[in-house]
Enquirer: 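Starting off with a structure, shown below.
Proteins get letters first, then strands, A, B, ... in listed order; numbering begins at 1 in each. None of these values were measured; they are calculated from a predicted model.
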Protein chains: 2
Amino acid sequence: MTQIKDVVLRWSYPQAMSSDHSPGLSTTSEQFDRFASAILPCGICDRAFARFRSLARFDGAATGKAPLAKTGEDQIVFVASGATKLVAHATHGREQIVAFHFAGDLVSVPARAAHAYTLVALQPCALVTFPAAAFMLAARAEAGLLNEVLQRALRALDRSREKSIILGRKSAQERVASFLATMAERIGAPQDGGCVLDLPMSRRDIADSLGLTIETVSRQFGELRDLGLLETSGRSIVKLHDLAGLDARAGHLPVAA
Amino acid sequence: MTQIKDVVLRWSYPQAMSSDHSPGLSTTSEQFDRFASAILPCGICDRAFARFRSLARFDGAATGKAPLAKTGEDQIVFVASGATKLVAHATHGREQIVAFHFAGDLVSVPARAAHAYTLVALQPCALVTFPAAAFMLAARAEAGLLNEVLQRALRALDRSREKSIILGRKSAQERVASFLATMAERIGAPQDGGCVLDLPMSRRDIADSLGLTIETVSRQFGELRDLGLLETSGRSIVKLHDLAGLDARAGHLPVAA
DNA sequence: CGGCATGTTGAAACATCTCAAGGTGAGTGG
DNA sequence: CCACTCACCTTGAGATGTTTCAACATGCCG
């Protein structure tokens with residue numbers, strides 16, 4: 001009863017597979033195996049297994065490329081390796097990054113809404129793509145699979161709601177601190193009390209994720225550095241010295257609210 | 001294959017039951033029946049049906065009240081009648097409304113995250129509440145139910161993502177226009193080319209949903225009125241004259257992006 | 001070791017917020 | 001049925017944080 005919430009309530013895996021930086025998996029079999037072991041229940045019947053195998057499309061994507069063909073249909077994408085961003089487009093070329101994804105994550109990419117969406121690779125990626133409608137139809141009778149996908153969807157919903165709070169009610173500094181705290185959870189490598197991040201996304205990506213400009217993000221990195229909360233080296237390495245201090249700066253509610 | 005996306009891809013129902021303004025349903029049976037016919041698949045077995053019946057808690061809530069007991073557990077709530085808001089709390093008393101819900105909607109209310117969440121009634125409500133973990137366990141083998149809940153979760157995710165774009169990259173006027181366009185879809189009554197809204201939420205609620213202040217919301221209502229796009233009467237009635245014009249002001253992408 | 005995208009820092013512009021003072025309307029009690 | 005009242009909404013003027021525009025520094029890659 002408890003393990004449901006604790007173990008599988010995530011649309012994405014925290015760090016299980018994310019230390020894998022292999023540029024792209026060599027074979028499609030290997031990609032599909034990753035998908036199957038992450039998403040498909042052990043007890044799934046051979047017929048259903050084969051059905052998903054035949055629905056799957058395999059894409060490798062170089063950094064910065066949008067690996068999905070515009071089919072006009074909703075898509076379900078499994079990130080076998082690498083990292084991606086889901087970008088929403090508004091008028092006047094404005095972009096908002098709606099989510100980041102790492103190896104092991106499952107992404108729902110809508111074809112049409114009030115805004116257009118594009119999935120873009122942050123690193124060389126191996127992706128397994130399904131047409132959403134066909135995927136759902138094939139999953140219709142597979143309770144185990146539906147359960148897994150549902151828990152991941154709810155996890156994604158929780159993340160998206162947290163983002164709404166950040167975007168709606170937080171200062172620039174709180175946004176950057178929240179971002180770093182979240183990334184620490186997802187891809188951070190613990191190191192003597194702190195945590196080291198190797199961010200696959202640029203300052204522009206961070207800005208587009210937090211609803212800020214690159215200049216403001218840069219300034220806030222500076223301030224957090226001056227506060228002794230972090231240290232940067234090169235463009236992508238960030239060492240967080242004080243996770244608790246960062247959380248406080250992030251405007252998170254104290255535990256006993 | 002197509003009808004999946006078109007018909008059931010919603011965590012919430014658009015207007016099906018939302019014209020029902022009965023303050024609260026008289027009997028718990030009636031409430032549960034609404035839940036059952038909206039969410040439980042027709043073919044569900046008697047045993048499972050009884051299981052959900054016994055898990056359900058029935059609450060009536062007066063306007064402004066938070067009807068959920070703080071159990072420390074995630075909850076799943078079905079809105080049998082009325083309207084609610086899901087509020088997230090940050091430091092310094094800041095609040096962000098993460099979603100609105102109307103009769104027929106299903107809501108996932110997290111117990112603990114980086115921010116605390118409260119579900120609050122906008123109108124007198126009848127609610128059916130389940131502990132999320134037990135709900136998921138009971139649903140584990142019910143593919144039809146899991147499918148329904150998954151489609152609704154994905155719909156909620158889509159809505160939340162659209163909100164991220166609004167909060168991250170839009171001007172005050174675009175936010176208000178987007179809000180009105182969304183409400184028109186969800187609870188609008190068509191009227192000679194336009195659409196009439198009877199908003200159950202206050203200006204403060206709208207502000208807390210859009211990441212603005214009440215003053216800014218009020219000013220933007222004024223500007224949209226001056227532009228001839230809408231007309232207000234009393235505090236809650238808004239008549240939209242030009243849905244297309246509103247959509248344009250909302251910064252939505254033109255159809256051929 | 002260049003060349004150039006990416007990131008940093010500074011000063012002025014701007015949108016929204018804050019603070020403050022009226023209006024308005026929905027519900028209440030006479 | 002009307003007037004009272006209080007919460008809610010509207011409008012105005014000044015303060016503020018973020019953006020914009022611009023110049024400069026850095027570090028990654030060939």
Enquirer: Report yes if at least one side-chain N or O of T213(B) is closer than 4.0 Å to OP1 or OP2 of dC17(C); otherwise report no.
Expert: yes
Enquirer: Which comes earlier along DNA chain D counting from the 5' end, the contact point of V217(A) or that of V217(B), where each point is its nearest nucleotide?
Expert: V217(B)
Enquirer: To the nearest Å, how far apart are F221(B) CZ and dT16(C) C1'?
Expert: 17 Å
Enquirer: Identify which nucleotide among dC17(C), dG7(C), dT10(D) has an atom closest to any side-chain atom of L212(B), counting heavy atoms from C-beta outward.
Expert: dC17(C)
Enquirer: Using a 4.5 Å cut-off on heavy atoms from C-beta on, say whether the side chain of H89(A) contacts that of H115(A).
Expert: no
Enquirer: Atom CG of D198(A) and atom C1' of dC28(D): how far apart are they, to the nearest Å?
Expert: 14 Å
Enquirer: State, to the nearest 10°, the angle formed by the axis through the first five base pairs of the helix from dC1(C)-dG30(D) to dG30(C)-dC1(D) and the axis through its last five.
Expert: 50°
Enquirer: Give the table of side-chain donor-acceptor pairs shorter than 3.5 Å for residues 228-236 of chain B, with sequence neighbours excluded, one pair per line with atom names and distance.
Expert:
residue, atom, partner, partner atom, Å
E231(B), OE1, H241(B), NE2, 2.7
T232(B), OG1, R225(B), NH2, 3.3
S236(B), OG, D198(B), OD1, 3.1

Enquirer: Once you round to the nearest 0.5 Å, how far does CD of E215(A) lie from CZ of R203(A)?
Expert: 12.5 Å
Enquirer: Under 4.0 Å, heavy atom to any atom of DNA chain C: which of residues 83-100 of chain A qualify?
Expert: none
Enquirer: Nearest of dT16(C), dT11(D), dT9(C) to any side-chain atom of E215(A)?
Expert: dT9(C)
Enquirer: Classify the nucleic acid contact of T216(A) as base, sugar-phosphate or nothing, counting any heavy atom under 4.0 Å across all strands shown.
Expert: base
Enquirer: Between E95(A) and K85(A) (salt bridge meaning N to carboxylate O under 4.0 Å), is one present in this structure?
Expert: no
Enquirer: By nearest heavy atom, map R204(A) and R169(A) onto DNA chain C; which one lands nearer the 5' end?
Expert: R204(A)
Enquirer: Quick one: which of dC17(C), dG7(C), dT10(D) gets closest to the side chain of S218(A)?
Expert: dG7(C)
Enquirer: R219(A) side chain: which of dT24(C), dT19(D), dT11(D) is closest?
Expert: dT19(D)
Enquirer: At under 4.0 Å between heavy atoms, what does G211(A) touch on the DNA or RNA strands: base, sugar-phosphate, or nothing?
Expert: sugar-phosphate
Enquirer: Assign R235(A) to base, sugar-phosphate, or nothing according to its heavy-atom contacts below 4.0 angstrom with the strands shown.
Expert: base
Enquirer: What is the distance, to the nearest angstrom, from the CZ atom on R203(B) to the P atom on dG23(C)?
Expert: 19 Å
Enquirer: Answer yes when R186(A) and D105(A) have at least one side-chain N-carboxylate O distance shorter than 4.0 Å, and no when they do not.
Expert: yes
Enquirer: State the CG-CG distance between D205(B) and L199(B), to the nearest 0.5 angstrom.
Expert: 10.5 Å
Enquirer: Between R249(B) and E223(B), is there a side-chain N and carboxylate O pair less than 4.0 Å apart?
Expert: no
Enquirer: Distance alone, cut at 3.5 Å: any donor-acceptor contact between the side chains of S209(B) and K163(B)?
Expert: yes
Enquirer: Kindly compute the distance separating CG (L167(A)) from NZ (K170(B)), expressed to the nearest 0.5 Å.
Expert: 13.0 Å
